[in-house]
Amino acid sequence: MNRALQPKHVAAVIRYQNDPLNALKMFNQVKTEDGFKHTLETYKCMIEKLGLHGKFEAMEDVLAEMRKNVDSKMLEGVYIGIMRDYGRKGKVQEAVNVFERMDFYDCEPSVQSYNAIMNILVEYGYFSQAHKVYMRMKDIGIYPDVYTHTIRMKSFCITGRPTAALRLLNNMPGQGCEFNAVSYCAVISGFYKENCQIEAYHLFDEMLKQGICPDILTFNKLIHVLCKKGNVQESEKLFSKVMKRGVCPNLFTFNIFIQGLCRKGAIDEAARLLESIVSEGLTPDVISYNTLICGFCKHSKLVEAECYLHKMVNSGVEPNEFTYNTIINGFCKAGMMQNADKILRDAMFKGFIPDEFTYSSLINGLCNDGDMNRAMAVFYEAMEKGFKHSIILYNTLVKGLSKQGLVLQALQLMKDMMEHGCSPDIWTYNLVVNGNGELDKAYELFVTIEKEYKFSYSTAIFNIMINAFCEKLNVSMAEKLFHKMGGSDCAPDNYTYRVMIDSYCKTGNIDLAHTFLLENISKGLVPSFTTCGKVLNCLCVTHRLSEAVVIINLMVQNGIVPEEVNSIFEADKKEVAAPKIVVEYLLKKSHITYYSYELLYDGIRNRKLDNKKFKRSTSLVSGKRVANHHRHI
DNA sequence: TTAGGGTTAG
């Protein structure tokens, strides 16, 4: 009979079923149908549906069953999909596990799988792990493709090194990969992110001149970087260029521009742009309105925000939870709690269920109003509604209590949260300790927390305190804490050193600034150019030139150099040029004064180089910088 | 759906 159930029908039903567990029920039921067997297609559909909805346990069960019935070699696509699902939900370890077990289950990962896991690692900031995957892939003999390179460029851009990304881009053709608009735009947005507008625009131009033009999707990503900074002008400049090449804006493009105008503070212009969308043959959607409403709220134009809430409803666009939360938060921030309440009630009448965002806005607003009783009531309501592990809700109330000077209650809340299995984070400590702005009490409190509540301290918590004292130029208290760190298990990190060195420079204690910088470097931490520059200025002003030159050389030895040094491949040239380049770079970026620059420039030239010491160090320059960078992650 | 698109809270 030809009427038998076919896999493609089953797959279609799974796809159209909204509830993943209902789909699973059906999936299991059809197994009992006479003569029916699940295929790669039906398994894949089922796994995709469960993964998309985060039903990972059920998904793993189906996967285990699939392994018994489908040839392992065919499963790479399924594994990649599962990695993506885990990645989307932030389950990075689970994604890695899937990747690591592919071999075991007799499915050899190809470049696609390597790319997939590398991308997840980079997205979540595990740069050194991503690099290890890359190295392993090369060791095995798999060739990286244009995706691999783009992911690596993205990793460099996220870590603020667009020049390194550019070098990668330029090397691609030599490795048998043609670059495309996506790889170009990754580097261009990397430069924009770092405010290197000239370099970015130059590269954009170069791309177009080569006949490579981004499609609207790639272009949108690029201008989103700019618009998030409120740089609409530059976005428009790029926009007119691609328009000439036949690229058409879509609704995403408009929404990105609306966001840019709002960020820039040109809300009325943003509103006009929204109105003009229709004349382009498109229709503003809920995100267009939400973005604009958010803009009005951020600029305290609550009347206009509410006006657009009504406008969207009248145009047939249904507000969603973003809309309500945005406008409720707007009213709460403005101290208009009654208005917030009215919107909330109307929204709930229409079926809106308050979530974490709503509760935190309300608690924040009530605290600012000084209405602690209601704030607590809303907080406990949220706890009952199932937000027991919400660090943000705890922090919101901790902030409120601390600001009102109710520090003991804030501490009690901190204790409660720990008892509920929710660990306080840096925000919590910061709020409790600095919340009421009375620093003299803060130290006592710090000690109290330690003794009475037996909280385990971390470097980050010490840093909060040290920074607070340094900001008030109370260096002796900061020192006291710094030494306390040595007595506990919390090692000072780069941030601790930066803060300490900064305040020594500010208060004119050059000896200690100098000592701390040397200690910082000797511990293998990498101080920033800014920090080095500050100490160098102090040393130069007091004519301690030889000590300053030693620091420049230490910077070179430890890879604290601008990118261009790494592009010098000949060791001899590098030896001579690196200190000079460092000094010039420090001046260019205004880390040192012109006075210091002149002294240092001569100092370097006149100093006889200790060749042995130098030779040993320069070969480490590029490698060490990367290693240090990874250590911070 | 292997790299590349828009909105909310401490």
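The analysis underlying the following values was restricted to heavy atoms, covering all of them including side chains, and did not include hydrogens, waters or symmetry mates. Here is how names work: the chains are called A, B, and so on, in the same order as the sequence lines, proteins then strands, and each is numbered from 1.
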Trainee: Can I get a per-line list of side-chain donor-acceptor pairs under 3.5 Å for residues 41-54 of chain A, giving both atom names and the distance, sequence neighbours left out?
Mentor:
unit_1  : atom_1 : unit_2  : atom_2 : d
A:Thr42 : OG1    : A:His38 : ND1    : 3.0
A:Thr42 : OG1    : A:Thr39 : N      : 2.8
A:Thr42 : OG1    : A:Thr39 : O      : 3.0
A:Tyr43 : OH     : A:Glu65 : OE2    : 2.9
A:Tyr43 : OH     : A:Asn69 : ND2    : 2.8
A:Lys49 : NZ     : A:Arg15 : O      : 3.0
A:Lys49 : NZ     : A:Gln17 : O      : 2.8
A:His53 : ND1    : A:Lys49 : O      : 3.0

Trainee: One thing to verify: whether A:Lys241 and A:Asp205 come together as a salt bridge, which I'm taking to mean a side-chain N less than 4.0 angstrom from a carboxylate O.
Mentor: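 Result for this pair is yes, salt bridge flagged.
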Trainee: Go through B:dA3, B:dT8, B:dG10 for me and flag the one nearest to the A:Ile392 side chain.
Mentor: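 The nucleotide sitting nearest to the side chain is B:dG10.
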Trainee: Remember a base hit wins even if backbone is also touched, and classify A:Lys333 as base, sugar-phosphate or nothing at under 4.0 Å, heavy atoms.
Mentor: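 Contact class for A:Lys333: sugar-phosphate only.
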Trainee: What's the closest nucleotide to the side chain of A:Ser360 if the choices are B:dT8, B:dA9, B:dG10?
Mentor: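 That would be B:dA9.
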Trainee: Which donor-acceptor pairs under 3.5 Å do the side chains of residues 267-277 of chain A make with protein atoms, sequence neighbours left out?
Mentor:
unit_1   : atom_1 : unit_2   : atom_2 : d
A:Glu275 : OE2    : A:Tyr308 : OH     : 2.8
A:Glu275 : OE2    : A:Lys311 : NZ     : 3.1
A:Ser276 : OG     : A:Leu273 : O      : 2.7

Trainee: Between A:Arg136 and A:Glu100, is the closest basic N to carboxylate O distance under 4.0 Å?
Mentor: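 Counted as a salt bridge, because a side-chain N and a carboxylate O are separated by less than 4.0 Å.
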Trainee: At 4.0 Å (heavy atoms only), tell me whether A:Ile327 reaches a base, stays on the sugar-phosphate, or touches nothing.
Mentor: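 Nothing, no nucleic acid heavy atom in range.
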Trainee: Please state whether the base of B:dG10 and the side chain of A:Thr396 form at least one donor-acceptor pair under 3.5 Å?
Mentor: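 Result: no qualifying N/O pair found.
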Trainee: Are A:Asp346 and A:Lys350 within salt-bridge range, i.e. N to O under 4.0 Å?
Mentor: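 Salt bridge between A:Asp346 and A:Lys350, a charged N being under 4.0 Å from a carboxylate O: no.
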Trainee: Send over the distance from A:Leu273 CG to B:dT7 C1', rounded to a whole Å.
Mentor: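 Answer to the nearest Å: 15 Å.
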Trainee: OP1 or OP2 of B:dA3 versus the side-chain N and O atoms of A:Lys221: is any pair under 4.0 Å?
Mentor: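 No, A:Lys221 has no side-chain N/O under 4.0 Å of OP1/OP2 on B:dA3.
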Trainee: Between side-chain atoms of residues 385-395 of chain A and protein atoms elsewhere (two or more places apart, or another chain), which donor-acceptor pairs fall under 3.5 Å?
Mentor:
unit_1   : atom_1 : unit_2   : atom_2 : d
A:Lys385 : NZ     : A:Glu381 : OE2    : 3.4
A:His389 : ND1    : A:His420 : O      : 3.3
A:Ser390 : OG     : A:Glu356 : OE2    : 2.8
A:Ser390 : OG     : A:Leu393 : N      : 3.1
A:Asn395 : OD1    : A:Thr428 : OG1    : 2.7
A:Asn395 : ND2    : A:Asp425 : OD1    : 3.2

Trainee: Quick one: A:Asp355 CG to B:dG10 P, roughly how many Å, whole number?
Mentor: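 Value for this atom pair: 13 Å.
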Trainee: For A:Ile82 and B:dT2, what is the distance between atoms CD1 and P respectively, to the nearest whole Å?
Mentor: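 Interatomic distance, CD1 of A:Ile82 to P of B:dT2: 13 Å.
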Trainee: Please state whether the base of B:dA3 and the side chain of A:Thr150 form at least one donor-acceptor pair under 3.5 Å?
Mentor: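 Pair found.
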Trainee: Whether A:His224 contacts B:dT7 is assessed here as follows: a side-chain N or O lying under 4.0 Å from the phosphate OP1 or OP2. Is that the case?
Mentor: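 For B:dT7, OP1/OP2 do have a side-chain N/O of A:His224 under 4.0 Å.
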Trainee: Ignoring hydrogens and angles, answer whether the base of B:dG4 and the side-chain atoms of A:Asn220 contain a donor-acceptor pair closer than 3.5 Å.
Mentor: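 No, no donor-acceptor pair under 3.5 Å.
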Trainee: Once you apply a heavy-atom cut-off of 4.0 Å, does A:Gln112 come out as touching a base, just sugar-phosphate, or nothing?
Mentor: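 A:Gln112: base contact, heavy atoms under 4.0 Å.
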Trainee: Starting at atom CD of A:Glu48, determine the distance to atom P of B:dT1, rounded to an integer number of angstrom.
Mentor: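 Answer to the nearest Å: 12 Å.
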Trainee: Rounding to a whole Å, what distance do you find between A:Lys403:NZ and B:dG10:C1'?
Mentor: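 Distance check: A:Lys403 NZ to B:dG10 C1' gives 11 Å.
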Trainee: Please tell me which of the listed nucleotides, B:dA9, B:dT7, B:dT2, lies nearest to the side chain of A:Ser361?
Mentor: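 The listed nucleotide nearest to A:Ser361's side chain is B:dA9.
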Trainee: Counting the atoms with a prime plus P, OP1 and OP2 as sugar-phosphate, which does A:Glu76 contact under 4.0 Å by heavy atoms, base, sugar-phosphate, or nothing?
Mentor: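 Nothing, no nucleic acid heavy atom in range.
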Trainee: Looking only at the side chains, is there a donor atom on one of A:His299 and A:Glu304 sitting less than 3.5 Å from an acceptor on the other?
Mentor: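 On atom types as modelled, these side chains do not qualify, holding no pair under 3.5 Å.
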Trainee: With sequence neighbours left out, write down each residue that passes side chain to side chain donor-acceptor pair (under 3.5 Å) with A:Tyr289, or none if nothing qualifies.
Mentor: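 Scan of A:Tyr289 (side chain to side chain donor-acceptor pair (under 3.5 Å), adjacent residues dropped) gives A:Ser315.
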Trainee: Of all the choices, B:dG4, B:dG10, B:dT2, which nucleotide is nearest to the side chain of A:Tyr147 once you look at every atom?
Mentor: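 Of the options given, the side chain of A:Tyr147 lies nearest B:dT2.
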Trainee: Can you tell me which residue pairs pass the salt bridge (charged side-chain N to carboxylate O under 4.0 Å, His left out) test with a partner in residues 147-157 of chain A, sequence neighbours excluded?
Mentor: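 Listed by first then second residue: A:Glu123-A:Lys154.
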Trainee: Looking at B:dG4, B:dG10, B:dT8, which one has an atom nearest to any side-chain atom of A:Asn119?
Mentor: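 It is B:dG4.
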Trainee: Quick one: A:Leu217 CG to B:dT2 P, roughly how many Å, whole number?
Mentor: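 Checked: the CG to P distance equals 14 Å.
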Trainee: Expressed in angstrom and rounded to an integer, what is the separation of A:Ile328 atom CD1 from B:dA9 atom C1'?
Mentor: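 So the two atoms are 11 Å apart, to the nearest Å.
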Trainee: The side chain of A:Phe322 lies closest to which of these nucleotides: B:dT7, B:dG10, B:dA9?
Mentor: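 Within the option list, the nearest is B:dT7.
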Trainee: I want to verify a distance call: between B:dG10, B:dT8, B:dT2, whose nearest atom is closest to the A:Asn115 side chain?
Mentor: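 The answer is B:dT2.
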Trainee: Taking the side chain of A:Glu356 as its heavy atoms from C-beta onward, which of B:dA3, B:dT2, B:dA9 lies nearest to it?
Mentor: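 Of the options given, the side chain of A:Glu356 lies nearest B:dA9.
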Trainee: Kindly point out which of B:dG4, B:dA3, B:dT7 is positioned nearest to the side chain of A:Asn180?
Mentor: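 Comparing B:dG4, B:dA3, B:dT7 against the side chain of A:Asn180, the answer is B:dA3.
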Trainee: Could you list by number each residue of residues 281-303 of chain A showing a heavy-atom separation from DNA chain B of less than 4.0 Å, or answer none if no residue does?
Mentor: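 Contacting residues: A:Asp285, A:Ile287, A:Asn290, A:Thr291, A:Cys294, A:Lys298.
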Trainee: Provide, to the nearest angstrom, the distance between the CD1 atom belonging to A:Ile267 and the P atom belonging to B:dT7.
Mentor: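 Result: 15 Å.
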